[in-house]
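Since the structure comes first, as structure tokens, the remarks are kept for the end.
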Amino acid sequence: MCAAVYVLSTVTGYVLTSALLLKCPNLIHRRKRGAFLSKHISHRGGAGENLENTMAAFKHAVDLGTDMLELDCHITKDEQVVVSHDGNLERACGINANISDMCYAELPPYLCKLGVTFQRECFCEGGEDKRMPLLRDIFDAFPNTPVNIDIKVNNDTLIKKVSELVVKYDREHLTVWGNARNQIVKKCYKENPQIPVLFSLPRVLQLLGLFYTGLLPFVPLKEQFLEIPMPSIITKMLFQRQTCSVIKSLKETFTPLVWKSVCSQITRIKVRAQIIHA
């Protein structure tokens, strides 16, 4: 009987404490400072309207008033940080070669027509701009626009070079970086903890587990931005025909994967929940 009372009182205390801290996490966690809030994010610069990850795409997105540019980075043989989604050039340039095996000056231009990978049977034809830009080109052209950098490969030199560019252009408050792989996110944070990092996919799953077990209030979070995976996008790609779309508002485009309460909880400590397709 005494054991049952002890267990019941312990569980009740845990549940009440967890509920209180879920509602008021700042009782034990310091509220993180966020320099910007992004509701309109241009994936690869808005690949449905312009060739992905080109200066023309990024300029068009900024002209439309986007809140954030999302882009992908690789490193060339001569250690230049280039903006490209694929490490291999076959899909985008028609050449079976890796960016890491070529100097930047040797990189070929994009093809005139590229498939939009997150829209089934949708293609985008570009204009005159078919050059892969350097990351520093984006920083030069858009000094006040937040940028989400996906570090595409687990490469220490790439991570170091990106960090150096962010610091050089004084963009630590306007940049977020990371990858779906936790190992890359850990390296990013270790290289420069002043640049906000994204939740990796394993950490997203851990976040959900912590929330539904009531443990989330007791666990500190180093990440400041959450990109929520959207299975509905994959479903649409596989089973539905889609018309080519412009850069869309998050609220109009996607349905949250997780309960609204999860996002509500983490935003109380200034973790930005971004529902975008990665």
Side-chain angles (χ1 to χ4, degrees), residues 33-47 49-87 92 99-100 102-105 107 109-110 126-153 155-179 184-185 187-198 223-225 227 247 272 274 276 278:
R33 295 181 179 180
F36 55 88
L37 176 63
S38 302
K39 294 183 178 181
H40 187 286
I41 303 171
S42 300
H43 184 250
R44 303 186 202 173
E49 290 192 328
N50 293 274
L51 292 182
E52 63 184 55
N53 283 326
T54 59
M55 291 300 294
F58 295 126
K59 183 178 185 305
H60 180 70
V62 171
D63 289 343
L64 286 179
T66 190
D67 297 320
M68 174 184 279
L69 298 174
E70 190 274 347
L71 52 83
D72 315 280
C73 283
H74 287 271
I75 192 162
T76 61
K77 186 178 180 180
D78 54 345
E79 297 189 350
Q80 297 295 309
V81 180
V82 65
V83 177
S84 173
H85 180 270
D86 299 355
I99 289 176
S100 59
M102 303 177 70
C103 293
Y104 179 67
L107 294 178
Y110 280 119
E128 295 182 359
D129 184 11
K130 299 181 181 64
R131 182 180 69 91
M132 289 186 189
L134 295 169
L135 181 59
R136 68 166 182 257
D137 296 334
I138 281 74
F139 288 172
D140 277 324
F142 313 108
N144 300 314
T145 303
V147 174
N148 177 333
I149 301 175
D150 190 344
I151 305 294
K152 299 303 290 186
V153 291
N155 183 294
D156 294 345
T157 303
L158 172 60
I159 293 171
K160 182 177 179 61
K161 291 285 185 181
V162 170
S163 176
E164 289 174 350
L165 284 169
V166 171
V167 172
K168 177 181 177 181
Y169 284 87
D170 192 23
R171 290 187 52 93
E172 290 173 306
H173 64 297
L174 288 174
T175 304
V176 55
W177 63 343
N179 184 264
I184 294 179
V185 175
K187 286 186 176 183
C188 289
Y189 187 77
K190 182 178 180 180
E191 178 66 34
N192 190 339
Q194 300 306 313
I195 305 174
V197 292
L198 300 159
E223 298 89 349
Q224 290 182 250
F225 286 80
E227 294 180 348
I247 309 164
R272 302 300 190 185
Q274 304 177 165
I276 68 176

Taking the basic N atoms (NZ, or NE/NH1/NH2) and the acidic carboxylate oxygens, is any pair closer than 4.0 Å for [X] and [Y]?
| X | Y | result |
| --- | --- | --- |
| Lys190 | Asp156 | no |
| Lys187 | Glu191 | no |
| Asp63 | Lys59 | yes |

Can you tell me if [X] uses its side chain to pair, donor with acceptor, with the backbone of [Y] under 3.5 Å?
| X | Y | result |
| --- | --- | --- |
| Ser100 | Lys77 | no |
| Gln224 | Val197 | no |
| Asp150 | Asn179 | no |
| Thr76 | Gln80 | yes |
| Arg171 | Phe139 | no |
| Thr175 | Glu172 | no |
| Asp78 | Tyr104 | yes |
| Ser163 | Ile159 | no |

Shortest non-hydrogen contact from [X] toward [Y]:
| X | Y | answer |
| --- | --- | --- |
| His85 | Asn53 | N-ND2, 3.5 Å |
| Gly45 | Ala61 | O-CB, 3.6 Å |
| Gly178 | Val185 | CA-CG2, 4.1 Å |
| Cys188 | Ile151 | SG-CG1, 4.0 Å |

About how many Å separate [atom2] of [Y] and [atom1] of [X], when rounded to the nearest 0.5 Å?
| X | Y | atom1 | atom2 | result |
| --- | --- | --- | --- | --- |
| Arg44 | Glu70 | CZ | CD | 7.5 Å |
| Leu198 | Phe225 | CG | CZ | 8.0 Å |
| Ile195 | Tyr189 | CD1 | OH | 12.0 Å |

Exercise for the section: Determine whether more than 12 heavy atoms belonging to other residues, nucleotides or ligands lie under 6.0 Å from atom CZ of Arg136. Expected result: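 No - once you tally the heavy atoms of other residues, nucleotides and ligands closer than 6.0 Å, there are 12 at most.
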Exercise for the section: Verify whether one side chain among Tyr169 and Asp140 offers a donor that lies under 3.5 Å from an acceptor in the other. Expected result: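 Yes, because at least one side-chain N or O of Tyr169 sits under 3.5 Å from a partner of the opposite role on Asp140.
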Practice task
State whether a side-chain donor-acceptor pair under 3.5 Å links His74 with Ser84.
Solution key: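 Their side chains do not contain a donor-acceptor pair, so the 3.5 Å distance test is not met.
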Problem - Stepwise side-chain contact (heavy atoms from CB on, under 4.5 Å) test for Ile184 and Asn155 - result: CA-CA 8 Å; Ile184 294 179; Asn155 183 294; over 6 Å; no
